[in-house]
Amino acid sequence: MAVSFLSTVPSLLPLVPVPLNIAATSGSRYPTVSVTIRCNKIEVDTANEDRFHRRDILKCVGATIGMELIRSSGTFVEVAEAADLIQRRQRSEFLSSIKDTLYQAIKANRDIIPSLLTLALNDAITYDKASKSGGPNGSIRFSSEISRPENKGLTAALNFIEEAKKEIDLYSKGGPISYADLIQLAAQSATKQTFLAAAIRKCGGNEEKGNLLYTAYGSNGQWGLFERNFGRSDTQEPDPEGRVPQWDKASVQELKDKFSALGLGPRQLAVLSAFLGPDQVATETLLAADPEVFPWVQKYQRSRETVSETDYEVDLITTFTKLSSLGQQINYEAYTYPVKKVDFSKLKL
């Protein structure tokens, strides 16, 4: 069983021994602390107090150079400057609204979950490292791509995305949501609902207890990096053919080769079994025939039998996060909008 996340967080208050002159008073509950306070005399040279010292000039120059180095230090600062507090709040509020929309839509149509997972996988796994093309760019929305053999049966999931997009675009203040973002977010919502359903099942079907179990022990807090990767751009043409296996016909070796080309291995192949088709049990039976994949299939099956499913859920979220950002340049200003300025001259005081 994996160590819980909180147990890996170091203490923020390290214990530092402080010597004190402590004399316990008899009959007193608390010790009396004797502290010696020393006041150092500070002399000021009034004759020179208005003059600059060389070290003062060096401090100013050093601070100026330091700020310039920070400003030119690369992507981290660029992202931090782009995503200021107002923009972060706008994106956070928009993302929260999207989650609510998707949660309600999927809850009313739970049969769509397997197709949503495969739709997200098939849109993302077109990424090619050599040409740095493809990936989760919304290309699967094109009729020429969704009609390919590997995407058979995914039309209903794409129609679901279309309907959700219409609703989301109506309340978006920062422009229409990209298909690239929405497809991955829909798969996230579907995944979270399967986790919640497992918790409810472990509580004998009691929804209230299941929600409490998932809130207290579930993996909801592990989605941070996935949700920061919000701002994918849509491509304007289909991705090349031949990049996505037919999951129900490919051999395990073919699946391993495809995942290896993306920098993923047998572990990631096993944990994404639910994304490879509507029948997870059948998929895992096929994968278990391979000696490299079998230990991971077994590991995640055991994990799903535990109360919290920690190993399975955390590894799935980690792998899905990597998959959903393959080759993408995230626009951290996406869906933001200008704030209306207040004309203080018109305010009555």
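- Using cut-offs of 30° and 60° on the angle between ring planes, the pair W247 and F259 is perpendicular.
- The shortest heavy-atom contact between K202 and T306 is CE-O, 2.5 Å.
- In Q246, the CD atom is crowded: over 12 heavy atoms of neighbouring residues, nucleotides or ligands sit closer than 6.0 Å.
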For N137 and D234, what are the C-alpha separation, side-chain angles and deciding distance, and is it a side chain to side chain donor-acceptor pair (under 3.5 Å)? CA-CA 5 Å; N137 55 18; D234 283 338; over 6 Å; no
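- Within the 4.5 Å cutoff, the side chain of S219 has heavy atoms near those of the I317 side chain.
- Under the 3.5 Å distance criterion, the side-chain polar atoms of S324 are matched with a main-chain donor or acceptor of T321.
- Residues K322 and T318 have side chains not in contact (no heavy-atom distance under 4.5 Å, counting atoms from C-beta outward).
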Side chain to side chain donor-acceptor pair (under 3.5 Å), that's the test. Do Q184 and R232 meet it? Break it down for me. CA-CA 10 Å; Q184 300 304 317; R232 302 171 186 83; 5.5 Å; no
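- Side-chain contact between L264 and L269 is absent, with no heavy atoms from C-beta onward closer than 4.5 Å.
- The shortest side-chain heavy-atom distance between I106 and F160 falls under the 4.5 Å cut-off.
- Taking the six-membered ring where tryptophan is involved, the planes of F320 and W223 are perpendicular, since the angle between them exceeds 60° and thus also 30°.
- Here the CZ-CG distance, from F230 to N331, works out to 10.5 Å after rounding to the nearest 0.5 Å.
- Using a 4.5 Å cut-off on side-chain heavy atoms (C-beta onward), L287 and F294 make no contact.
- Between I125 and R243, every side-chain heavy-atom pair lies at or beyond the 4.5 Å cut-off.
- Atom CD1 of I113 is separated from atom OG of S189 by 8.0 Å, given to the nearest 0.5 angstrom.
- Summarising the geometry, atom OG belonging to S273 is positioned 12.5 Å from atom CD belonging to Q268; distances are rounded to the nearest 0.5 Å.
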Kindly determine whether D311 and S303 satisfy side chain to side chain donor-acceptor pair (under 3.5 Å), including the steps that lead there. CA-CA 6 Å; D311 285 353; S303 179; 4.9 Å; no
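- Around CD of Q253, the count of heavy atoms belonging to other residues, nucleotides or ligands within 6.0 Å exceeds 12.
- In this structure, F195 and Y214 have tilted ring planes: the angle between them lies in the 30° to 60° band.
- Summarising the local packing, CZ of F142 is surrounded by more than 12 heavy atoms from other residues, nucleotides or ligands at distances under 6.0 Å.
- Smallest separation of non-hydrogen atoms from T191 and T194: O-OG1, 2.5 Å.
- K249 and E254 are not joined by a salt bridge, as no carboxylate oxygen comes within less than 4.0 angstrom of a charged side-chain nitrogen.
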Taking only distance into account, with no hydrogens and no angle test, what donor-acceptor pairs under 3.5 Å do side-chain atoms of residues 149-159 form with protein atoms, sequence neighbours excluded?
residue, atom, partner, partner atom, Å
N151, OD1, N122, ND2, 2.8
N151, ND2, E145, O, 2.7
N159, ND2, T155, O, 3.4

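- Atom OG of S308 is separated from atom CD of E313 by 7.5 Å, given to the nearest 0.5 angstrom.
- The pair K165-E162 does not meet the salt-bridge criterion, since no charged nitrogen lies less than 4.0 angstrom from a carboxylate oxygen.
- Annotation: E241, atom CD; neighbour count of heavy atoms from other residues, nucleotides and ligands within 6.0 Å does not exceed 12.
- Here the CZ atom belonging to R141 is positioned 12.0 Å from the CG atom belonging to L119, to the nearest 0.5 angstrom.
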Carefully, step by step, assess I161 and Y179 under the rule side chain to side chain contact (heavy atoms under 4.5 Å, CB included). CA-CA 8 Å; I161 295 295; Y179 284 91; 4.1 Å; yes
Can E93 and K173 be said to form a salt bridge (Lys or Arg N to Asp or Glu O under 4.0 Å), step by step? CA-CA 11 Å; E93 291 174 350; K173 298 178 182 178; 6.0 Å; no
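- At least one side-chain heavy atom of P245 sits under 4.5 Å from a side-chain heavy atom of L255.
- Aromatic ring pairs are classed by plane angle as parallel below 30°, tilted from 30° to 60° and perpendicular above 60°; the pair F94 and Y171 is perpendicular.
- For the atom pair CG of L116 and CG of L121, the computed distance is 12.5 Å after rounding to the nearest 0.5 Å.
- The shortest side-chain heavy-atom distance between R91 and T336 falls under the 4.5 Å cut-off.
- In this view, R304 and E284 satisfy the salt bridge (Lys or Arg N to Asp or Glu O under 4.0 Å) rule, not counting sequence neighbours.
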Start with the C-alpha gap between D181 and Y335, add the side-chain angles, then the distance that decides, and say whether side chain to side chain donor-acceptor pair (under 3.5 Å) holds. CA-CA 11 Å; D181 272 336; Y335 315 118; 2.7 Å; yes
